[in-house]
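Here's the structure, in structure tokens; my notes come after.
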There are 2 protein chains.
Amino acid sequence: MALSSKKKYCYEYPHPAVTVDIVIFTIIDGKLKVLLIERSDNGKLAIPGGFVEINEDLDTAAKRELAEEAGVKDVFLEQLYTFGAPDRDPRERIITVAYYSLVSPDKAIQAGSDAKAVGWYDVDIEEKKLAFDHYYILKCAVDRIRGKLEYTTIGFELLPENFTLHQLQEVYEAILDEKLDTRNFRKKVLQQKCIVPIHKVTANVAHRPAKLYAKKGN
Amino acid sequence: MALSSKKKYCYEYPHPAVTVDIVIFTIIDGKLKVLLIERSDNGKLAIPGGFVEINEDLDTAAKRELAEEAGVKDVFLEQLYTFGAPDRDPRERIITVAYYSLVSPDKAIQAGSDAKAVGWYDVDIEEKKLAFDHYYILKCAVDRIRGKLEYTTIGFELLPENFTLHQLQEVYEAILDEKLDTRNFRKKVLQQKCIVPIHKVTANVAHRPAKLYAKKGN
DNA sequence: TCAAAAGTGTTCTTGATACACCCATGC
DNA sequence: GCATGGGTGTATCAAGAACACTTTTGA
């Protein structure tokens, strides 16, 4: 019954399909959010992704999917982990190389801006709402970003080019899900010298204007 | 010319082959060593690995290869990174999920014990002696193990069940490639409480006997 | 008694934590 | 003049770094 004439790529041994899935994070209203797509077949939410083309590098595939699904490029993107349980997708053996990406709210697409049912969801979404093993992929990504925040300086990847220290602190608080001490936070990020003041301040705010900073090396 | 009758697994879209490669470390003579196999085709050295079977989990495939290639099981094994440049293997598109493993010298096979040309090599081996992108996989594994050593306690995975603090320190010095202060090292590992004294000492040594320790939870 | 590795404590420095008030602006 | 968020310093504590000598055994 299967149209085997359509199936024209043949191998001596069975080959799995390989996809990239990208856990895309942003900050909305001081909360860490993840981009998910509602599947038309069962209404479950899925991490965006797609097949790796046969002559395409994994990183390239991830960048391409990121552009296609979220409409962003030149953002933080890093490989996360590869998930390959034989039954993780009921249709076919699919091994997925998961990536995670940090996108600033100004670059991040508006949820549902294209035809697809995409939207930003809280990262503590229930397992049953997610398709396949995507709950575990998401958990893995959240753990990674929390861990990386402690010993790297990826926080400002979630902010626009110019930002205040208060905004940066909100990002850290959103990701770590705890309040931080303002004075200690400022001391720490300033002595790391990963961000530089741009000698401008916020305008038209109903309080004292805040100094703006930028990621170093821009 | 190709025996297409032999190639019986057919797909609508091309599928890459997927392998697992395992960077197997041990300590020999106080130096960090890696298990490599000499390839018969070009004499280059390769990290052991093999194809993932179509109904096999990635971790299971890695464990199987570890048993087949190095003859060890129940050792530390962790996924490292997935390498998938389209031209990394000239024969076919092969995506490899790399793992790394830490094996104690007493469990580690003797190099060349089976028919294959396997052997233990220094981790700072030259790039040109290694096949494919295995130099970068090895570098990635060495970086990972160095990083993990700082904030976890995986060092004793490279030692027999019972070991002295001095042996543990030698492992750390081998991996980090620097001398450590004995008093500070002992203070640190003992307060971490990951190892426990077994109230035995080394015997028949031409100096003061050393207390033996074991990984906690054995 | 000597060689060889085992074992041990204190001082100093550095980074992390805890904590409270004045400042600049728009309305 | 008041509401709002911006911005600052010091004292304490804990962890890491530097550093030298005595102990126990076999030969």
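Any value given below was found using the heavy atoms of this structure, including those in side chains, with hydrogens, waters and symmetry copies removed.
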Length of the line joining [X]:[atom1] and [N]:[atom2], which is rounded to integer Å:
{"X": "Gln191(A)", "N": "dT14(C)", "atom1": "CD", "atom2": "C1'", "result": "10 Å"}
{"X": "Gln169(A)", "N": "dT8(D)", "atom1": "CD", "atom2": "C1'", "result": "14 Å"}
{"X": "Lys211(A)", "N": "dT25(C)", "atom1": "NZ", "atom2": "C1'", "result": "16 Å"}
{"X": "Leu190(A)", "N": "dG9(D)", "atom1": "CG", "atom2": "P", "result": "12 Å"}

With nearest nucleotides of DNA chain D determined for Leu165(A) and Ala206(A) from heavy-atom distances, which residue corresponds to the more 5′ nucleotide? Ala206(A)
Would you mind telling me which of dA4(C), dG7(C), dT25(C) lies closest to the side-chain atoms of Pro209(A)? dT25(C)
Applying salt bridge (Lys or Arg N to Asp or Glu O under 4.0 Å), which residue pairs with at least one partner in residues 174-195 of chain B are found, sequence neighbours left out? Glu173(B)-Lys179(B)
Output every pair passing salt bridge (Lys or Arg N to Asp or Glu O under 4.0 Å) with a member in residues 135-154 of chain A, not counting sequence neighbours, ordered by first then second residue.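 Output for this query lists Glu78(A)-Lys148(A).
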Listing, residues 198-213 of chain A side-chain donor-acceptor contacts under 3.5 Å, not counting sequence neighbours, or none:
residue   : atom : partner   : partner atom : Å
Thr202(A) : OG1  : Ala210(A) : N            : 2.8

Have a look at the helix from dT1(C)-dA27(D) to dC27(C)-dG1(D) and give the angle its two end axes make, five pairs each, rounded to 10 degrees.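 That helix has its two terminal axes inclined by roughly 0°.
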Got a sec, which residues hit side chain to side chain contact (heavy atoms under 4.5 Å, CB included) with Asp57(B), two or more places apart in sequence or on another chain?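 Ala85(A), Pro86(A), Asp59(B), Thr60(B).
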For DNA chain D, the residues among residues 178-187 of chain B that have a non-hydrogen atom under 4.0 Å from it: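 Nucleic-acid contacts, sorted: Asp181(B), Arg183(B), Asn184(B), Lys187(B).
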Please list, in numerical order, the residues of residues 192-205 of chain A that have a heavy atom closer than 4.0 Å to any atom of DNA chain D. none
Phe185(A) and Tyr172(A): aromatic ring centres closer than 6.0 Å?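 For Phe185(A) and Tyr172(A), the ring centres are under 6.0 Å apart.
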Which atom pair, heavy atoms only, marks the closest approach of Arg93(B) to Glu53(A)? NH1-O, 3.0 Å
Ser104(B) and Pro160(B): which non-hydrogen atoms are nearest, and at how many Å?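 Between these two residues, the closest heavy atoms are CB-N, 3.8 Å.
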Polar atom pairs between nucleotides 21-23 of chain D and protein, under 3.5 Å, N or O only, would you list them?
residue : atom : partner   : partner atom : Å
dT23(D) : O2   : Arg208(B) : NH1          : 3.2

Inter- and intrachain pairs under side chain to side chain donor-acceptor pair (under 3.5 Å), touching residues 36-48 of chain B, at least two apart: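 As it turns out, the side chain to side chain donor-acceptor pair (under 3.5 Å) pairs with a partner in residues 36-48 of chain B, which skip direct neighbours, are Arg39(B)-Asp41(B).
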Would you tell me whether Tyr135(B) and Glu126(B) have side-chain atoms, one donor and one acceptor, within less than 3.5 Å of each other?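 Tyr135(B) vs Glu126(B): no donor-acceptor pair found between side chains.
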Given Ile47(B), which of Thr96(B), Asp21(B), Val34(B) fulfils the side chain to side chain contact (heavy atoms under 4.5 Å, CB included) condition? Asp21(B)
OP1, OP2 of dG6(D) versus side-chain N and O of His166(A): anything below 4.0 Å?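 So the side chain of His166(A) is within the cut-off, an N or O lying under 4.0 Å from OP1 or OP2 of dG6(D).
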[X]: what forms a salt bridge (charged side-chain N to carboxylate O under 4.0 Å, His left out) with it, not counting sequence neighbours?
{"X": "Glu170(B)", "answer": "none"}
{"X": "Glu56(B)", "answer": "Arg64(B)"}
{"X": "Lys33(A)", "answer": "Asp122(A)"}

